[in-house]
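These notes are about the structure you will find just below.
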Amino acid sequence: MTDQRFDPSSADGRWQRAWEVAGSFRADSDSNKPKSYVLEMFPYPSGRIHIGHVRNYTMGDVLARFKKLTGHEVLHPMGWDAFGMPAENAAMEKGVHPGGWTRANIEHMKAQLKRLGFALDWSRELATCEPEYYGHEQALFLKLHEAGLVYRKESEVNWDPVDMTVLANEQVIDGKGWRSGAEIEKRKLSQWFLRITQFADELLEGLSSLDTWPDKVRLMQENWIGKSKGLRCTFRLVDSDSGIEVFTTRPDTMFGASFVAIAPDHPLAQRMAATVPDLAAFVAECKKGGTTAAEIETQEKRGFNTGLSVSHPLESHWHLPVYVANFVLMDYGTGAIFGCPAHDQRDLDFARKYGLPVHRVVADGDETGEVFRGDEAYTGPGHIVNSRWLDGMTVDEAKAAVIARAEHEGWGKGETQWRLRDWGVSRQRYWGTPIPFIHCAACGIVPVPESQLPVVLPEDVDFKTPGNPLERHPTWKQVDCPGCGGSAQRETDTLDTFVDSSWYFLRFASQPTDKPFDRDEVAKWLPVEQYIGGVEHAILHLLYARFWTRALRHIGLIDLDEPFASLFTQGMVTHETYSRPQGGRDIWFGPEEVERTGHGATLRADGGPVTIGKVVKMSKSKKNVVDPDTIVDRFGADAVRWFMLSDSPPERDLPWSESGIEGCWRFVQRLWRLFAEHDTAATGEDKALDRKLHQTVDAVARDIEALAFNKAVARIYELTSAIEKAPPSASRSGAIRTLVQLVAPMMPHLAEEAWTNLGQQGLVAESDWPTVDPALLVEDEVTIAVQVKGKLRDTLTVAKGLSNTELEALALASDKVQRAIDGAEVRKVIVVPDRLVNIVA
RNA sequence: GCGGGUGUGGCGGAACGGUAGACGCCGGGGACUUAAAAUCCCCUGUCCCUUGGACGUGUGGGUUCGAUUCCCACCACCCGCACCA
C-alpha cells in the first residue's frame, strides 16, 4: 500500500541517487543516437542560487529530459562563470580570499542545484577560475595574437583619483566613485583589444541564418553592429593648409550645416588647449564624469567656440565655426562632425543653446521654408529643399549625389562605417585570467611561450589597499624575458570575464588536458541545439561568443560559424515589494517578514501595516527575494519546478507568489492520488478519453519543443481532470501510465515514484515517449460560431466537414439568427468551413 | 538621449484575422467532518430594464463582413548601451 501523500523529503533524494547510480544523464560521445546539446547560460557563483536560476535551469532540464525520452543522446552540462568583481569586493569587505570565497560558493550552489533534480552531466563540470580552464584560454589568446586579432591601443577608463584605481561603470554613481565619493575622471590607458570589427560584416550576415533566434535579439545585434554608409570628407580650415576630417551618415543634409564640432580629445583640440587656457579648462571639464554612452548622451550638450572657421566643401566662401563639444566621441568615425541642427536632435539642442542658424533642408510636406522652428529635429524621410542642385531629390538620392561629387572633386569619399568597436579586454584587476604577455625593456611586449602556460594567479595577495593586487605583488610580475633572458615584467591586466564565457560551451564537449578542446568532439556536439538565458545577454555575451567562435574557425581550430543554433531568452522572476516609510525614505521587508491579509499586508514583528509595492525583479536591495532552499524544503523539487513552468509564458516575467506555489503543491498531491488510487484491473474502452489522451500527448510534445511550457502545463491540467472524471476502464489505466510519462520531464521525482508503483520496469527518465495514433487526433464534431454582422448570435454543433451551403442553411434556420436579422435583407454570407458563418444583413 | 521589448478580468495568462477570457491563482457558496486541515462539487469580466442585451484586450484613429491579432500616432512600464554578470 502506498502512502496517502507524496513525500518529497524522502523521494527526491532517493531518485536523485538512482539517476546518479544509473548514470542516466552522462552524455556518451560514442552513442549513435542523434545528438542534442541543451545548454543554459552558466551562473556566476555569487553565493546562493537565485530563483531566476531555478527558472532558467528548469526550462533547459525539461527540454533535455524530453530529448532523452524521444531518443536523443543528450549533452546537458553545468559550470561556473567564476571570475569577476564580486569576489574581489568580498575580499575587500570580509577579508576572505577571492578564490576561497568563489570555491565555497560553487560547492554550496552545486548542492542547491542537485536538490532540484536537474538532469545534468556533472562529470563535465568546469569553473573558469581554475588554471585547468584559464590556461587553455591563455593559449587561445596567444594564437589569436599570432593571427593578428589581438593588439594594444589607448582607451579611456573611469579613474578614481582618491582610491587611485580604475572603476567599472557600475561603480560610478552620478559621476562619483562608489567608495571614495570622489569625482571620477576619464583617463587613457594602453590596453589589450580583440579585433572583432574584422568580423563585423560576417557577424551581421550570420544573423540571417539564425532564424530560430528571437527577432528582437537579431535586431538588437544588427543595430549594435550598426553598419552605415556615409561620407568621409575634409572641411578646410580658413587661412590654413590643414583641415578637419569629418564622417557623416547624412551627406544629404550638407547644405544644412551650421557648425563643425570636434571631440575634446581630438588632436586639434589638444594642440589648441596647450596655448588657450580657457579651452584647456573646458577640455579638463569634459574629462569629468563616467565613460558610458548613456551618461555622455544624457548630459547637457556643451561646447567651446575655438574661434577657428572652416570652409564648407560645397561652397568654399561659406564659413562655419568650429566648436569643441562634449557629445562628440573620439572613438566613433573621425572624432569630428558637422552639425545639421534641423535634422539631428543633438545638433539642434546644441544650436539652440549657442544661437547657431537652423536651416531646413529636408521637407516631408508643405512646410519648406529655410528657417526651421521648434525644438524637435526632423529625422524622417522626405525630399531635399534649400540645397541648390540637390533640391527635389529624395534623401537617398541626395546622399549618393553628394558622395559622387565629393569623390569626383577629391575632397571626400564614400565609406562604410560601423558602430561596433573593437573589444577592449584589459581589466586592471586580480580575479581574472592573466594576460600571457611580458614587458621587456629590450624586446618590447613578448608573448609567454606556450610551454610556460598557464600563467597562474598568485595566491598571496592583499586587498587592503585599492588598485590591482597583481601590480603591487612583491615578486609575481618579475620574470626573465623569454626573448633576451633579461629581467622583465609580466602584464598585470587580466581578461574581461566575457572572454571566459566566449568558449566554455566548446570545453563542455570534451576536456582534454593538453588542449582547450578536441576538434572531433566539438564537431560531434556543436552547435548547441538550444541555448537558454536572460535577455540581458542579448548583445554583449552573445555577440562576443559568436565572434570568438568565428575567430577560432579563422585560425583553423574548429569548423563552426555559429555556436548556438537556437536561442531562447527567458523572463525574470519578480515579486511584490513590502515597504514602510521611515525617516524620509522607504525601508523594505522580505516576504517572510510579512503576513498577507486579503487586500493588504502587515508586518509580523509588530502587526502594523506595510505598503504593498510594485511587482519587480527580485533584488537584495528591495528584499523581495525567496530562497530556493527554503521552498524546496517546504514543497519539494517537483512543486517548485512545476511553478517555474506554469502560467507565465517563459519569455515573460514570472511573478512569484505564495499561493501559486501552494497551488502547485496541491497539484503534485492530486496527481499522486490519481496515480495511487486508480483501479489497475479495469477493462473496457473509453474512446473519448483515448482521443483526449492522444491529443494531449501530441500537443505537449509540440509545446515542449517550442518551449511553451505554460501551454503544456495547461493541457496536462485538462487531461488530469478528464481522467479523474472518467469511469474505470483499460483506457483510463493506460492514460494514467501515459500521464506519468508526460509529467516526467517536469516533475521527475514524482514520476519515478509513480512509475515504480505502477509496476513499470526501469526508470521513467529512460523510457520512451508515448507514441501518438494520428487517427485519434481528429474530432468528428465541431462547434460553429454564427455571427450576424460580425456579432456572435448563436453556436451550432454539427458534423465535421459540412459544405458551405449546408452550413449557411443551418445558420439561417436559427431562431436567434432570425431575430437578430429582424427581417432585413441578407446581403452577404461569409462561411469559414468548420469554424464560422457570418451573415451580413 | 539612443536601440529593443511588453501592455487582455482582482492576479498570471489563452486565443491560424473568425465564439475574447482556455488553464491556474484569489474570492464566494455548498458537501464531508464533533471541529479543523485535506479533499470534492458549483459560481466567479463589467454594467443593465436579466428566458435577453450593451460594453469590454493601455489610449486615440484606420483597414476589414469580422481586429487582442494588421497599419498609423500616442501613453505607461521593463531590458540593453561596450569595465555588473
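Predicted model, so just to flag it, every value in this text is computed and none were measured. Letters A, B, ... are given to chains in the order of the sequence lines, protein chains preceding strands, and every chain is numbered from 1.
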**Report entry** P-based separation of B:U8 from B:U59 [nearest Å]
**Finding:** 10 Å
Query raised in the report: Base, sugar-phosphate, or nothing: which does A:Gly424 touch, judged by heavy atoms less than 4.0 Å apart?
Result: sugar-phosphate
Query raised in the report: Which string of ( ) [ ] | and . matches RNA chain B, if you list each base 5' to 3' and count Watson-Crick or G-U pairs only when both distances are under 3.5 Å?
Result: (((((((..(((.....[....))).(((((.......))))).((((...))))..(((((..]....))))))))))))....
Report summary line: Counting primed atoms, P, OP1 and OP2 as sugar-phosphate and everything else as base, the B/S/- map of nucleotides 36-58 of chain B against protein heavy atoms under 4.0 Å is ---SS------------SSS---
Query raised in the report: With a non-hydrogen cut-off below 4.0 angstrom, is A:Val713 in contact with a base, only sugar-phosphate, or nothing?
Result: nothing
Query raised in the report: Is a donor on one side and an acceptor on the other found under 3.5 Å between the side chain of A:Gln428 and the backbone of A:Gly467?
Result: no
Query raised in the report: If you measure from the C1' atom in B:G21 to the same atom in B:G30, how many Å do you get, rounded?
Result: 26 Å
Query raised in the report: Hey, does A:Phe498 reach any base, or is it just sugar-phosphate, or nothing, if we go heavy atoms under 4.0 Å?
Result: base
Query - Nucleotide nearest A:Ser659 (side chain, heavy atoms from C-beta), chosen from B:A85, B:G5, B:C26 - result: B:C26
Query raised in the report: With respect to the phosphate group of B:C2, does any side-chain polar atom (N or O) of A:Asn223 fall under 4.0 Å of OP1 or OP2?
Result: no
Query - Nearest listed nucleotide, side chain of A:Gln787, among B:U19, B:G13, B:C23 - result: B:U19
Requested in this report: Compare side-chain N and O positions of A:Arg652 against OP1 and OP2 of B:G13 and report whether any pair is under 4.0 Å apart.
Outcome: yes
Query raised in the report: Would you say the side-chain atoms of A:Tyr133 and A:Trp503 include a donor-acceptor pair closer than 3.5 Å?
Result: yes
Query - Minimum-distance pair of heavy atoms, taken over all atoms of A:Ala87 and A:Thr102 - result: CB-OG1, 3.6 Å
Requested in this report: Please work out whether the ring planes of A:Phe547 and A:Phe199 are parallel, tilted or perpendicular, with thresholds of 30° and 60°.
Outcome: perpendicular
Report task. Could you please name the option among B:A22, B:G18, B:A20 that lies closest to any side-chain atom of A:Leu792? Result -> B:A20
Requested in this report: With the side chain of A:His537 defined as its heavy atoms from C-beta on, choose the nearest nucleotide among B:G18, B:G1, B:A85.
Outcome: B:A85
Report task. Looking only at side-chain atoms of A:Glu297, point me to the closest of B:A85, B:G4, B:C2. Result -> B:C2
Query raised in the report: Does A:Lys711 make a side-chain N or O approach to OP1 or OP2 of B:A15 shorter than 4.0 Å?
Result: yes
Report task. Can you label the angle between the A:Tyr44 ring and the A:Trp101 ring as parallel, tilted or perpendicular, going by 30° and 60°? Result -> tilted
Requested in this report: Taking atom P in both B:G24 and B:A14, compute the distance separating them and give it to the nearest angstrom.
Outcome: 15 Å
Query raised in the report: Under 3.5 Å, is there a donor-acceptor pair between the A:Arg715 and A:Gln695 side chains?
Result: no
Report task. Classify the nucleic acid contact of A:Thr783 as base, sugar-phosphate or nothing, counting any heavy atom under 4.0 Å across all strands shown. Result -> base
Query - Whole-angstrom distance between B:C26 and B:C32, as gauged at atom C1' - result: 23 Å
Query raised in the report: In terms of ring plane angle, is the pair A:Trp642 and A:Phe667 parallel, tilted or perpendicular, where the classes change at 30° and 60°?
Result: parallel
Query raised in the report: Just checking A:Val829: base, sugar-phosphate only, or nothing, at a heavy-atom cut-off of under 4.0 Å?
Result: nothing
Report task. Assign A:Pro43 to base, sugar-phosphate, or nothing according to its heavy-atom contacts below 4.0 angstrom with the strands shown. Result -> nothing
Query raised in the report: Looking only at side-chain N and O atoms, does A:Ser646 come under 4.0 Å of OP1 or OP2 in B:G24?
Result: no
Requested in this report: For A:Ile784, answer base if it contacts any base atom (sugar-phosphate contacts may also be present), sugar-phosphate if it contacts only those atoms, and nothing otherwise; contact means non-hydrogen atoms under 4.0 Å.
Outcome: nothing
Query raised in the report: For the side chain of A:Asn838, counting heavy atoms from C-beta on, which of B:A14, B:G18, B:G12 is nearest?
Result: B:G18
Query raised in the report: Which part of the nucleic acid, if any, lies within contact of A:Trp224, taking any heavy atom under 4.0 Å across all strands shown: a base, the sugar-phosphate backbone alone, or nothing?
Result: base
Report task. Assign A:Leu219 to base, sugar-phosphate, or nothing according to its heavy-atom contacts below 4.0 angstrom with the strands shown. Result -> sugar-phosphate
Requested in this report: Scan A:Gln191 against the nucleic acid and name what it touches under 4.0 Å (heavy atoms): base, sugar-phosphate only, or nothing.
Outcome: base
Query raised in the report: Where the side chain of A:Asp496 is defined as all heavy atoms beyond and including C-beta, which of B:G12, B:C83, B:C84 is the nearest nucleotide?
Result: B:C83
Query raised in the report: Distance only, no hydrogens: is a donor on one side chain within 3.5 Å (strictly under) of an acceptor on the other, for A:Trp192 and A:Glu491?
Result: yes
Report task. State which of B:G66, B:G80, B:G4 makes the closest approach to the side chain of A:Ile539. Result -> B:G80
Report summary line: Given the 90°-from-0 boundary between syn and anti, B:G9 should be labelled syn
**Report entry** Sugar-phosphate, base or nothing in reach of A:Thr298, heavy atoms under 4.0 Å
**Finding:** base
Query - Residue A:Val166, side-chain atoms from C-beta onward, closest of B:G4, B:C83, B:C23 - result: B:C83
**Report entry** Residue A:Lys216, side-chain heavy atoms: nucleotide from B:G4, B:C83, B:A82 that is nearest
**Finding:** B:G4
Query raised in the report: Any side-chain donor paired with an acceptor under 3.5 Å for A:Asp794 and A:Ser814?
Result: yes
Query raised in the report: Between B:A14 and A:Asn710, is there an OP1 or OP2 to side-chain N/O distance shorter than 4.0 Å?
Result: yes
Query raised in the report: Can you find an N or O donor on one side and an acceptor on the other, under 3.5 Å apart, linking the side chain of A:Gln428 with the base of B:C83?
Result: yes
Query raised in the report: Stepwise, does the side chain to side chain donor-acceptor pair (under 3.5 Å) test hold for A:Gln345 with A:Asp349?
Result: CA-CA 6 Å; A:Gln345 191 60 47; A:Asp349 295 344; 3.1 Å; yes
Query raised in the report: What is the nucleic acid contact for A:Ala538, judged by heavy atoms within less than 4.0 Å: base, sugar-phosphate only, or nothing?
Result: nothing
Query raised in the report: Any idea how A:Trp548 and A:Trp423 line up, ring-wise: parallel (<30°), tilted (30 to 60°), or perpendicular (>60°)?
Result: perpendicular
Query raised in the report: Where does B:U39 land, syn or anti, once you apply the within-90°-of-0 test for syn?
Result: anti
Query raised in the report: A:Ser46 near the nucleic acid: base, sugar-phosphate alone, or nothing, with a heavy-atom cut-off under 4.0 Å?
Result: nothing
